[in-house]
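Throughout, a chain's letter reflects where its sequence line sits, starting with A, and its residues are numbered from 1.
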2 protein chains.
Amino acid sequence: MATIKEVAAKTGLSPTTVSRVINNHPYVDPKKRKLVMTAMEELGYVPNSSARRLRGQRTNTIAVIISRIVNPFFGHLVDAMEKIAAERGYQLILCDSRLEKDREMQHLELLKTKQVDGIILASLQNRWKDIEPYTRYGPIISCNEYDSAADMPMIVCDQEYGGYIGTKHLIDRGHEKIAYAGGTDRIELTRDRFSGFKRAMAEAGLTVNEDYLFPSFYGIEDGKNIFHRMYAMENRPTAIFAGGDEVAAGVIQEAKRFHCRVPDDLAVVGFDNQPLADLIDPGITTIDQPMKLMGTRAMEMMVDMIRHNRDVTYKKELLPLQLIVREST
Amino acid sequence: MATIKEVAAKTGLSPTTVSRVINNHPYVDPKKRKLVMTAMEELGYVPNSSARRLRGQRTNTIAVIISRIVNPFFGHLVDAMEKIAAERGYQLILCDSRLEKDREMQHLELLKTKQVDGIILASLQNRWKDIEPYTRYGPIISCNEYDSAADMPMIVCDQEYGGYIGTKHLIDRGHEKIAYAGGTDRIELTRDRFSGFKRAMAEAGLTVNEDYLFPSFYGIEDGKNIFHRMYAMENRPTAIFAGGDEVAAGVIQEAKRFHCRVPDDLAVVGFDNQPLADLIDPGITTIDQPMKLMGTRAMEMMVDMIRHNRDVTYKKELLPLQLIVREST
DNA sequence: CTGAAAGCGCTTACAG
DNA sequence: CTGAAAGCGCTTACAG
């Protein structure tokens with residue numbers, strides 16, 4: 001591979017001047033500029049990124065940490081991010097934590113070892129106290145998941161509201177025995193969503209049945225399992241609010257297989273509004289999360305933070321969430 | 001950030017020795033090794049990747065070029081790749097060509113500018129003659145899409161066979177007026193699949209109706225459009241072989257909306273065997289593509305090629321394809 | 001408008 | 001087992 005030195009030698013100019021041409025500096029004699037250009041062309045010269053990185057202390061690379069790329073929700077999120085990153089001249093490193101704390105921590109090391117200029121956390125497996133130390137190495141923002149204790153910019157949807165409107169919708173449809181499969185655990189996002197569920201229940205004077213609460217699951221298979229657990233109950237719920245459309249789809253599919261009619265015997269609300277929600281039969285009533293907007297906004301913010309080097313500060317940005325009614329309720 | 005020099009200063013040793021400790025070289029006095037280790041710990045030292053890259057001429061990064069990350073097919077492929085890459089200590093750069101030749105070419109530049117050690121092409125927008133020049137900068141392999149004229153390792157499925165068994169299945173079900181939406185154009189993969197379609201038709205003594213051929217489309221919306229174009233025909237086909245499950249899903253959804261019964265009025269065969277195929281109603285008869293196997297094998301091969309620096313050579317590897325029969329036929 | 005020199009932070013022969 | 005020195009390929013003050 002040709003280096004800047006060889007280009008300099010070929011043109012009889014200094015490496016400095018060649019570098020200036022490469023970087024479009026002003027104050028280069030137009031003739032010499034042209035000379036350098038053709039020499040680069042002839043030698044097939046291309047700047048070595050590693051050298052530029054070392055010298056310039058930036059990588060033009062951003063890592064995005066997700067927890068499961070096969071989840072279409074993340075697919076759409078990453079798609080939007082990749083688009084903005086490409087426009088702005090950044091590479092995207094895809095980091096899949098697979099819901100494991102350790103993998104997430106390892107990915108955070110990328111910032112420390114200067115392999116990326118910034119990190120977008122679209123999933124959050126660790127607590128803020130473990131993530132915080134990394135912020136001194138570069139910008140970290142979260143998108144989708146969040147942690148109120150965290151001092152970092154966040155692009156989030158109003159999950160409490162989402163939990164509320166989904167539940168309220170079921171209540172309005174006359175349901176009282178409502179199961180909840182969004183998870184109630186350590187993750188703030190799911191906790192907030194659960195708060196919304198509880199608020200709607202309380203407002204309607206309904207009590208939350210502990211047996212109807214299922215931990216946070218992710219895929220179709222989980223949905224199937226949840227259906228069977230409900231089906232085995234003596235006192236079955238008449239409706240379920242699932243943590244994602246895939247889970248909802250699993251519930252619906254299995255319900256149909258066991259001749260449990262949706263929505264008559266079991267109403268189902270999903271979350272995300274993935275394409276899937278509109279495709280299966282009956283269509284899934286769900287909460288629309290603006291995945292594209294989230295991804296776009298997060299990447300724009302990240303690039304801005306990298307370029308302006310901490311001069312810009314962002315806070316929590318709240319994005320809208322809305323109920324999409326289909327045939328499953 | 002602490003550097004190797006600072007660690008050296010703190011321990012009274014040379015940077016060379018510190019480097020040896022970092023890289024687990026033998027022949028370092030155990031006591032000194034320990035000394036260095038604690039000094040690194042105390043300083044929060046971490047090696048700078050850019051420097052290592054420049055010095056070592058490798059990046060431990062691999063790019064994968066896909067054409068549409070929101071397609072679950074690519075989601076699963078990338079998922080399998082990421083897993084192997086992480087195990088082997090490589091980062092994955094996600095490159096989305098969005099079906100555009102230019103974007104793909106830009107992504108190939110990553111190899112030239114030493115930003116990645118190798119590239120996996122899971123999508124192929126350009127011709128081999130345009131890609132070939134990049135092979136001198138590092139290993140390039142294809143996975144999924146392919147080009148027989150190309151002199152690169154390829155992990156491919158037997159598309160001709162896939163086209164054949166899908167079509168044969170429809171013929172066995174008694175169909176004669178069979179539409180084909182897999183594309184017939186410049187891409188070899190789709191051309192081969194189309195060959196399989198034609199072979200099955202020919203064997204059964206059926207003629208291919210030009211009006212029933214639709215260019216290669218990708219998403220649900222495309223499926224809906226195709227349905228309407230068929231629906232508007234005087235002499236409608238009774239079956240369609242779609243290029244992907246998403247397209248098939250779009251066809252089916254719209255068919256149901258217009259009271260066209262599947263499979264009675266219109267039988268539908270998809271491709272890929274995505275989770276979706278099993279979820280919608282009726283389930284989609286489809287051709288299973290071993291996405292996980294493809295991704296795993298491709299990444300293993302890539303890492304092997306990078307590590308053994310062209311000493312290893314691979315050829316085309318053919319992976320099995322099989323018909324999954326569900327209710328849509 | 002141009003160039004010599006220093007340095008980004010490592011690793012690797014080489015010599016001991 | 002250890003260290004001094006060179007060099008990976010750039011860019012950026014600095015001086016002219």
Side-chain angles (χ1 to χ4, degrees), chain A residues 1-37 39-40 43-61 109-117 137-138 309, chain B residues 1-37 39-40 43-61 109-117 137-138 309:
Chain A
M1 279 296 298
T3 69
I4 213 171
K5 246 184 179 165
E6 297 174 47
V7 178
K10 190 178 171 96
T11 54
L13 294 165
S14 73
T16 310
T17 303
V18 176
S19 172
R20 288 203 180 94
V21 173
I22 295 166
N23 295 289
N24 279 314
H25 276 243
Y27 308 131
V28 178
D29 183 326
K31 279 176 213 154
K32 291 186 180 159
R33 184 185 295 275
K34 202 153 288 170
L35 193 66
V36 170
M37 299 288 256
M40 292 200 296
L43 291 169
Y45 171 80
V46 134
N48 179 309
S49 298
S50 302
R52 292 184 122 179
R53 287 180 176 214
L54 176 58
R55 180 58 228 238
Q57 306 285 38
R58 356 161 237 83
T59 65
N60 291 316
T61 304
E109 288 286 316
L110 290 173
L111 198 56
K112 208 170 175 181
T113 57
K114 306 279 181 224
Q115 303 202 55
V116 300
D117 294 336
Y137 303 112
N309 210 22
Chain B
M1 279 299 296
T3 68
I4 212 171
K5 246 185 181 166
E6 297 174 46
V7 178
K10 190 177 172 94
T11 54
L13 294 165
S14 72
T16 310
T17 303
V18 176
S19 172
R20 287 202 181 96
V21 172
I22 296 166
N23 295 289
N24 280 314
H25 278 242
Y27 308 131
V28 178
D29 182 328
K31 280 176 214 158
K32 292 186 178 159
R33 183 184 295 275
K34 202 154 287 174
L35 193 67
V36 171
M37 298 289 256
M40 293 201 296
L43 291 168
Y45 169 80
V46 134
N48 178 308
S49 298
S50 302
R52 294 183 121 177
R53 286 179 177 216
L54 177 57
R55 181 57 227 239
Q57 308 284 38
R58 358 162 234 81
T59 65
N60 291 316
T61 304
E109 289 285 317
L110 290 173
L111 198 56
K112 208 171 174 180
T113 57
K114 306 279 180 224
Q115 302 203 57
V116 300
D117 293 336
Y137 303 112
N309 210 22

(request) Taking only the side-chain nitrogens and oxygens of A:Tyr45, find out if one of them lies under 4.0 Å from OP1 or OP2 of D:dC10. (result) yes
(request) Using the C1' atoms only, state how far C:dT12 lies from C:dG16, rounded to an integer number of Å. (result) 16 Å
(message) Between P on D:dG9 and CD on B:Gln115, what's the gap in Å once rounded to a whole number?
(response) 16 Å
(message) I need the B:Leu43 CG to B:Lys10 NZ distance, nearest 0.5 Å.
(response) 5.0 Å
(message) Distance check needed: D:dG9 C1' versus A:Arg53 CZ, whole Å only.
(response) 14 Å
(request) Select base, sugar-phosphate, or nothing to describe what B:Pro47 touches, counting heavy atoms under 4.0 Å on all strands. (result) sugar-phosphate
(request) Taking all non-hydrogen atoms of both residues into account, name the closest pair between B:Tyr45 and B:Thr3 and its distance. (result) CE1-C, 3.5 Å
(message) Tell me the closest heavy-atom pair linking A:Arg53 and A:Thr61, and the distance in Å.
(response) NH2-OG1, 3.1 Å
Please list, pair by pair, any protein nitrogen or oxygen found under 3.5 Å from a nitrogen or oxygen in nucleotides 13-15 of chain C.
none

(message) Ignoring hydrogens and geometry beyond distance, is a side-chain donor-acceptor pair present between A:Arg52 and B:Thr113 at under 3.5 Å?
(response) no
(request) Check each of A:Val18, A:Ile4, A:Val28 against A:Val36 using the side-chain contact (heavy atoms from CB on, under 4.5 Å) test, and report the only one that passes. (result) A:Val18
(message) I want to confirm an ordering. Mapping A:Leu54 and A:Asp29 to their closest nucleotides on DNA chain C, which one lands closer to the 5' end?
(response) A:Asp29
(message) Can you tell me if A:Lys32 touches the phosphate of C:dT2, counting only side-chain N or O atoms and a distance under 4.0 Å to OP1 or OP2?
(response) yes
(request) Taking the side chain as every heavy atom from C-beta outward, state whether B:Asn24 and B:Arg33 have any atom pair closer than 4.5 Å. (result) yes
(request) Answer yes or no: is there a donor N or O on one side and an acceptor on the other, between the side chain of A:Asn48 and the main chain of A:Ser50, under 3.5 Å? (result) yes
(request) Quick one: stems involving DNA chain C, counted as three or more successive Watson-Crick or G-U pairs, both distances short of 3.5 Å. (result) C:1-3 with D:14-16, C:5-12 with D:5-12, C:14-16 with D:1-3
(request) Let me know the distance between CD1 of B:Ile4 and P of C:dT12, rounded to the nearest Å. (result) 11 Å
(message) Please tell me if A:Thr3 has a side-chain N or O lying less than 4.0 Å from either OP1 or OP2 of D:dG9.
(response) no
(message) Quiz question: by atom type and distance under 3.5 Å, do the side chains of B:Thr17 and B:Ser14 form a donor-acceptor pair?
(response) yes
(request) May I have the distance from B:Ile22 (atom CD1) to C:dC10 (atom C1'), rounded to whole angstrom? (result) 8 Å
(message) Under 4.0 Å, counting only non-hydrogen atoms across every strand here, what does A:Val21 touch: a base, just sugar-phosphate, or nothing?
(response) nothing
(request) Locate the shortest heavy-atom distance separating A:Ala39 from A:Thr11; write the atom from each residue and the value. (result) CB-CG2, 3.5 Å
(request) Please tell me if the side chains of A:Val7 and A:Val21 come closer than 4.5 Å, counting only heavy atoms from C-beta onward. (result) no
(request) By nearest nucleotide on DNA chain D, pick out whichever of B:Gly56 and B:Gly12 is the more 5' one. (result) B:Gly12
(request) For A:His25 and C:dG3, give me the distance from atom NE2 to atom P, rounded to whole Å. (result) 15 Å
(message) As a test of reading the structure: which of D:dG3, D:dT2, D:dT11 is closest to the side chain of B:Ser14, going by heavy atoms?
(response) D:dG3
(request) Write down the distance between CG (B:Asn48) and P (C:dG7), rounded to a whole number of angstrom. (result) 17 Å
(message) Tell me the closest heavy-atom pair linking A:Tyr137 and A:Lys114, and the distance in Å.
(response) O-NZ, 4.2 Å
(message) Output the rounded distance in Å from NZ (B:Lys5) to P (C:dT11).
(response) 15 Å
(message) In whole Å, I'd like the distance from the NZ atom of A:Lys31 to the C1' atom of C:dC1.
(response) 13 Å
(message) Please determine whether a side-chain nitrogen or oxygen atom of A:Gln57 lies at a distance below 4.0 Å from atom OP1 or OP2 of D:dT11.
(response) no
(message) If you only use heavy atoms from C-beta on, which nucleotide in C:dG9, D:dG3, D:dC10 is closest to the side chain of B:Ala51?
(response) C:dG9
(request) Check every atom of C:dT2, C:dG9, D:dT12 against the side chain of B:Arg55 and return the nucleotide holding the closest atom. (result) C:dG9
(request) For C:dG3, take OP1 and OP2 only and decide whether either is under 4.0 Å from a side-chain N or O of A:Thr17. (result) yes
